[in-house]
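Each remark here refers to the structure printed beneath this line.
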Amino acid sequence: MKATAAAHANIALVKYWGKRDEALLLPEAGSLSVALDKLLTTTTVELGDFAADSFTLDGHPEDPCRARALLDAAGIRKRARIASGNDFPTAAGLASSSSGFAALAVAACAAAGLRKSADELSALARIGSGSASRSVPGGWAVWEDAFARQVFAPSHWDLRFCIAVCAAGPKQVGSRDGMRATRETSPYHAAFIAQCRRDLPDALKLLAARDLPGLGALAERNALRMHADALAADPPLLYWQPATVACLLALLELRASGVAAWATIDAGPHLVAICASSDAGAVEGRLRSVPGVTEVVVCAPAGAARVLS
Ligand code: PMV
């Protein structure tokens, strides 16, 4: 009744920001992501007759409420002891729900002896957080409905994703609440969702053709539009720090000097620069020189979530 699984966090190039069904956690529009090799979460689940569920993240106790929702959806009634650890180099503030709930879904089903397909595991991870559905198949993944699927293997394209850790500011609004508030109050939300529905098929064509200027520019536009949508919420959602903006400007400069790199930003202050592996050193070095950037983690595409023991 005990198992350990590992999963990689993913970064979306076409973002998920809004649910069409809050109860089933289904997205308003499809999203596209890539799993990141350096952002690995390992989770051990032990099932038994414990007094209550428990959940620790890097040794610190956390609320097991969302984990319980996932276990209930899997039909696991026994209490769970869940210990999760992030294997991120020296970077702080990169904790990701995507790798966490993907590893939890895989470990919990293995601990319970449930034989689930990859699609079923992805649908279970979705109960924890939508983006976690994409960390189960890993690689380049698309999520539109109940589960995500891998559309290209990690080996399809040797890109790099340079994560600039921008000094964490005051406590931000989590993505679940943030996207709900945006959907309910932002006058730009319908336009953002309509744009995502156009962006996804275009992004898949650019990905198939390994067109970096095309996909990079599309991903950057999509992320900035997501933030424009969130900024237009009432009250406004501002996820950026000064270093985030400074990194965006640094990428503009890099492009002007002939280094091809584009940005994406999730619901937080950190910026992820997308570039060719041959340019990763130059991009990493430039981002490290930006005031307020405390760390840069350079990632390559990674594979699916897996049972370790
Ligand atoms: O699934 P959540 O609740 O972690 O929301 C993810 C939201 C973004 O990271 C901003 C976008 C995305 O598609 O991952």
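Just so you know, ligand 1 is whichever comes first in the structure, and atom 1 is the first atom listed for that ligand. All values derive from a computational prediction rather than experimental measurement.
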Have a look at L13 and tell me which of I274, N222, L218 forms a side-chain contact (heavy atoms from CB on, under 4.5 Å) with it.
-> I274
Using the side chain to side chain donor-acceptor pair (under 3.5 Å) rule, collect all pairs that involve residues 136-155, keeping only residues at least two apart or in two chains.
-> R20-D145
Examine the side chains of S131 and S98 and answer whether a donor and an acceptor come within less than 3.5 Å of each other.
-> no
For the pair K15 and D199, find out whether any cationic side-chain nitrogen is under 4.0 Å from an anionic carboxylate oxygen.
-> no
H8 side-chain N/O to D37 backbone N/O, donor-acceptor pair under 3.5 Å | yes
Give a yes or no on this: more than 12 heavy atoms of other residues, nucleotides or ligands lie within 6.0 Å of atom OH of Y188.
-> no
Taking any residue with a non-hydrogen atom under 4.0 angstrom from an atom of ligand 1, which ones do you get?
-> A12, K15, Y16, W17, S97, S129, G130, S131, R134, S175, M179, M226, D266, A267
